[in-house]
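To keep things clear, I will list the structure first and then write my remarks on it.
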Amino acid sequence: MDIKDFIAPFAVWKRAFEKPFTVKKPIDERPGAPRYRGFHMNDADACVGCGTCEAICMNNAIDLVPAAGREAKDGDSGLRPRIDYGRCCWCALCVDICPSGSLSMSNEYVWIDRDPDVFRYVPGVEAKPWDGSALGYRRAEGYRLLDEDRVPMPELGHAEAVASFLELVRGYSRAQAEKEADRCVSCGLCIASCPAHMDIPGYIKAVRDGDMDEGLRLLYETNPFPEACGRVCTHRCEEACSIGSGGDPVAIRWLKRYIADQVELSDYAKALPRGAAPSGKKVAIVGAGPGGLSAAYYLSMQGHAVTVFEAEEAAGGMLRYGIPEYRLPYPALDKDIGYIESLGVSISRGVSIGKDIELSKLRTDFDAVYLSTGLPVAYGLEVPGEDHPRVLDGVAVLARATRGEELGLGGRVAVIGGGNVAMDAARTALRHGATVDILYRRREEDMPADADEVREAKAEGARLVEKAIPLEVRDAPDAAGEAALFIWNEATMVQKEPGKRPVPEPIPGAVREGRYDSIIAAIGQGPDLSFIAESDGVPVKRFRPVVDSFGMATRAAGGAPVFAGGDLVNDRKDAISAIADGHRAAIGIDRLLYGKGA
């Protein structure tokens with residue numbers, strides 16, 4: 001043994017009289033590093049309660065729990081993450097994955113308490129001393145575990161698109177669809193915002209797994225129009241997508257279309273469930289639009305014999321007669337309708353209820369009746385001269401285009417309105433060689449049309465005239481009724497009530513006019529209830545049949561029970577809402593026919 005081994009222990013005594021290295025107040029004098037991963041913080045207002053943090057936590061240290069004062073709404077579950085520091089390992093994966101970027105970690109690392117339960121808390125909801133700390137761990141700028149950019153959808157170029165009625169959107173390839181599906185975190189916020197409450201995470205997973213039969217089965221659980229909705233759905237689900245809180249929302253609509261496009265109609269029966277045995281009950285449905293045919297599908301699956309009465313010569317309602325083929329090709333719509341008919345649903349085309357058959361006759365011959373006739377009556381401009389022969393109904397123009405009739409719009413067209421019908425009318429006129437002005441009484445950001453539709457209309461050559469209040473339509477000089485003057489007043493937007501959108505008010509003296517070969521009015525539609533006689537006993541209030549909140553029953557007196565749904569009764573006025581109503585009505589009718597009450 002070396003002599004140093006004996007001397008070494010005594011050498012430390014020379015330190016006994018030096019200044020000690022011990023820090024008297026280690027907690028106060030040793031703060032965490034600027035990016036230290038300490039206790040959690042959460043911006044509870046930015047958080048949407050998607051649960052992505054809960055899903056990624058390997059230690060099950062995070063639970064989504066109800067937060068006081070926060071109600072569930074579109075795009076927000078109302079839940080917030082609770083952290084259990086008995087399990088947390090401070091890896092910060094929850095911070096890195098958070099779609100909204102609301103989660104972070106302070107650099108505070110000391111928390112002393114005798115009660116172990118206090119170490120489970122909801123950051124951002126239960127106040128802590130480190131709330132609002134500027135130091136600590138945040139996700140690095142520009143860094144995301146999730147891909148924030150959606151896979152671009154292949155489309156025709158604008159010059160090529162406006163030259164024909166070929167479908168504009170081309171659809172995803174398999175590689176593109178699977179890559180886009182990989183962006184979904186299966187949070188389920190989209191389900192609540194979808195009027196039909198489709199299992200969106202489920203069918204997106206089917207895309208990832210390459211299982212199109214399972215995807216199609218999940219689609220048909222709540223929506224028998226996947227081809228149509230995969231193209232023209234208003235996709236409110238994407239507005240609620242948690243990925244969209246920090247990037248592009250998942251392309252839910254396009255993934256639905258991808259599934260339906262991959263399965264041939266002849267193979268549908270292999271993927272989808274069979275209907276129940278015949279019940280011996282008969283149901284009449286008035287209107288072969290998405291709402292009526294959805295009810296027909298689900299009633300047929302319950303074994304009921306269904307006959308649909310349609311006034312037009314082809315089924316589809318506004319999906320066929322109100323949406324141009326460049327957005328919804330007829331073969332895709334016919335595929336959806338064809339499968340419903342293959343189940344035994346009978347569609348009597350060219351039969352108008354109230355003219356060819358009375359509603360009372362249906363109530364005598366059938367066990368139940370469902371009304372889903374949509375909104376076929378266009379609103380007028382409500383200005384002097386609105387009955388001018390060159391003022392055309394936007395829905396009628398689109399219907400004539402569907403039938404292949406000559407439109408006779410002329411070379412210069414004005415479209416009045418800001419909804420999807422206005423955009424479709426404008427883009428149809430462009431495809432017929434006209435130059436088009438779209439005049440809207442408010443601003444572009446106030447337009448109810450889908451933002452993509454507005455963008456595409458402008459890109460194809462339509463000119464948008466904002467803040468244009470209609471005043472009058474006059475016969476154009478020397479036009480002999482073949483052209484008209486549209487007169488409008490320029491407007492300024494005035495904020496009259498806090499929290500409500502500004503209203504347009506005319507600017508004194510700022511009157512403008514334009515000469516047009518056609519003026520297409522597309523400012524909305526209303527119902528046609530002329531087929532409902534007073535003796536039918538269907539309660540009507542404010543031009544709508546009155547229905548209950550779930551089963552869509554009208555409580556009509558005498559005869560077979562009457563149900564109603566779709567645009568005829570709801571405010572949303574889109575296909576997916578009509579489909580959801582049809583499904584609800586089918587459930588209500590089925591319960592009634594089996595003696596379970598409406």
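Counting begins at 1 with the first residue of the sequence.
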Any side chain to side chain donor-acceptor pair (under 3.5 Å) pairs touching residues 289-311, not counting sequence neighbours? Ser279-His304, His304-Asp590

Applying salt bridge (charged side-chain N to carboxylate O under 4.0 Å, His left out) to Arg555 and Asp548, what does each step give before you reach the verdict? CA-CA 8 Å; Arg555 309 297 180 186; Asp548 66 22; 3.6 Å; yes

Evaluate the criterion side-chain contact (heavy atoms from CB on, under 4.5 Å) for residue pair Glu456 and Leu168; output intermediate values, then yes/no. CA-CA 10 Å; Glu456 293 292 342; Leu168 175 67; 3.9 Å; yes

Mind running salt bridge (charged side-chain N to carboxylate O under 4.0 Å, His left out) on Asp536 and Arg363 for me, showing each step along the way? CA-CA 9 Å; Asp536 290 321; Arg363 298 190 68 193; 5.0 Å; no

Do Asp450 and His235 have a side chain donor and acceptor closer than 3.5 Å? yes

Look at the aromatic rings of Tyr326 and Phe165 and report parallel, tilted or perpendicular, splitting at 30° and 60°. tilted

I'd like to know if the side chain of Arg400 and the backbone of Glu405 have a donor-acceptor N/O pair within less than 3.5 Å. no

Min side-chain heavy-atom separation Leu189-Cys241 under 4.5 Å: no

Donor-acceptor check, side chain of His388 to backbone of Val473, threshold 3.5 angstrom: yes or no? no

Got Leu568 and Leu529 here, is their nearest side-chain heavy-atom distance under 4.5 Å? yes

Side-chain donor-acceptor pair under 3.5 Å between Tyr330 and Thr402, yes or no? yes

Donor-acceptor under 3.5 Å (Glu466 side chain, Glu444 main chain): yes

Side chain of Glu214, backbone of Gly202: donor and acceptor closer than 3.5 Å? no

Keeping the roles fixed (side chain from Gln525, backbone from Val395), state whether a donor-acceptor pair exists under 3.5 Å. no

N/O donor-acceptor pair under 3.5 Å between Arg253 side chain and Cys233 backbone: yes

Residue of the set Glu341, Glu313, Glu312 for which salt bridge (Lys or Arg N to Asp or Glu O under 4.0 Å) holds with Arg349: Glu341

Which atom pair, heavy atoms only, marks the closest approach of Thr554 to Val562? OG1-O, 2.7 Å

Going through the distances and angles, do Asp261 and Arg231 end up as a salt bridge (charged side-chain N to carboxylate O under 4.0 Å, His left out)? CA-CA 11 Å; Asp261 282 354; Arg231 288 167 165 82; 3.4 Å; yes

Donor-acceptor pair, distance only, cut-off 3.5 Å: does the side chain of Arg320 make one with the backbone of Ala315? yes

Enumerate the ring-ring contact (aromatic ring centres under 6.0 Å, His included) contacts for residues 516-543, please, sequence neighbours excluded, ordered by first and then second residue. none

The residue among Val306, Ile340, Ile337 that forms side chain to side chain contact (heavy atoms under 4.5 Å, CB included) with Ile347 is Ile337

His197 side chain vs Cys194 backbone, donor-acceptor pair below 3.5 Å: yes

Aromatic contact, Phe563 with Tyr370 (centres under 6.0 Å): no

Partner of Ile416 under side chain to side chain contact (heavy atoms under 4.5 Å, CB included), picked from Ile520, Asp437, Leu439, is Leu439

Got Asp334 and Asp336 here, is their nearest side-chain heavy-atom distance under 4.5 Å? no

Could you tell me if Arg236 and Ser193 have a donor-acceptor pair between their side chains, going purely by distance under 3.5 Å? no

Residue pair Asp213, Arg217: steps toward the salt bridge (charged side-chain N to carboxylate O under 4.0 Å, His left out) verdict: CA-CA 6 Å; Asp213 285 355; Arg217 185 190 68 78; over 6 Å; no

With no hydrogens and no angle check, just 3.5 Å: does a side-chain donor-acceptor pair link Asp581 and Asn570? yes

